[in-house]
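Notes follow once the structure below has been shown.
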Amino acid sequence: RPTRLEAAARVRVRKPNAWRFEDDGLVPNHPKWPAIQYRGAVGLKGASDPAAIFEVLFAAHGWKESWRDVVYDSLHYHSDQHEVLGFARGTAVLRLGGARGRNVKVKEGDVLILPAGTGHQRLSMSRDLLVVGGYPQKGGYDMCHPSKGDHDRAAISVAKTTRPKADPVYGAGGPLMRHRRIS
């Protein structure tokens with residue numbers, strides 16, 4: 001496993017892409033905070049275990065409870081947690097924001113930060129896709145689907161979800177924190 005310093009040395013300063021999504025009646029999205037993408041934020045060339053770099057980097061900034069897998073192909077969201085996705089291998093196209101959201105291409109080295117309530121699903125992927133996910137609070141997350149019942153309960157939970165203490169890639173002074181101050 002890389003040390004914190006080794007993981008941090010692979011971070012590249014990138015301008016964030018940020019998108020806000022409206023509540024569509026089935027997926028609440030977040031009423032104030034945007035989904036953020038950092039393209040190529042982590043250099044993975046030559047890494048023997050690229051997923052470990054994301055795990056160490058995210059944990060160093062308080063985003064723990066990590067997992068390795070792919071993004072589900074069914075539309076879902078989490079009402080009680082924000083989620084970070086680090087793309088360790090491969091490529092994919094994801095839809096963010098629900099059925100009327102935005103298609104986003106991701107590849108190795110990219111990072112997505114999804115505020116609580118943000119709908120997401122995988123539309124396509126390369127065979128070698130490997131994603132590392134993490135959360136800023138302990139205790140796992142709930143799994144909500146686009147339905148009126150999940151939506152009504154989730155909208156209340158999303159609004160109560162506290163902001164994270166740090167950006168999972170750039171730390172306490174990172175772009176995520178500046179976007180959330182504006183809101």
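Just the heavy atoms: all of them, side chains too, but no hydrogens, waters or symmetry mates, feed the values below. This one's a predicted model, so the numbers in the text were calculated from it and none came from an experiment. Numbers here are sequence positions counted from 1.
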Would you kindly say whether His151 and Asp24 are connected by a side-chain donor-acceptor distance under 3.5 Å? no
Does any N or O in the side chain of His30 come within less than 3.5 Å of the main-chain N or O of Trp33, such that one atom is a donor and the other an acceptor? yes
Give the cluster check for Trp19 versus Leu123: same hydrophobic cluster or not, with ILVMFWY residues linked at side-chain heavy-atom distances below 4.5 Å. no
Do Glu83 and Tyr141 have side-chain atoms, one donor and one acceptor, less than 3.5 Å apart? no
Is it true that, when you exclude Arg100 itself, more than 12 heavy atoms of the residues, nucleotides or ligands shown sit nearer than 6.0 Å to its CZ? no
Any side-chain donor-acceptor pair under 3.5 Å between Gln137 and Thr161? no
Ion pair Arg68/Glu55, N-O distance below 4.0 Å: yes
Does the side chain of Arg95 come within less than 4.5 Å of Arg102's, by heavy atoms? no
Could you go step by step and tell me if Thr91 and Leu129 meet the side chain to side chain contact (heavy atoms under 4.5 Å, CB included) rule? CA-CA 6 Å; Thr91 62; Leu129 183 67; over 6 Å; no
Does Asp150 use its side chain to pair, donor to acceptor, with the backbone of His145 at less than 3.5 Å? yes
List the steps, then state whether side chain to side chain contact (heavy atoms under 4.5 Å, CB included) holds for Phe87 with Val111. CA-CA 6 Å; Phe87 294 85; Val111 174; over 6 Å; no
Side chain proximity check, Leu112 to Val84, heavy atoms < 4.5 angstrom: no
Arg89 and Asp128 ion-paired at < 4.0 Å: no
Hey, are the side chains of Val27 and Leu75 touching, using non-hydrogen atoms and a 4.5 Å cut-off? yes
Check: Asp142/Ser79 side-chain N/O donor and acceptor closer than 3.5 Å: yes
What do the steps show when you test Tyr170 against Tyr38 for ring-ring contact (aromatic ring centres under 6.0 Å, His included), and what is the final call? CA-CA 11 Å; Tyr170 301 106; Tyr38 301 128; 4.9 Å; yes
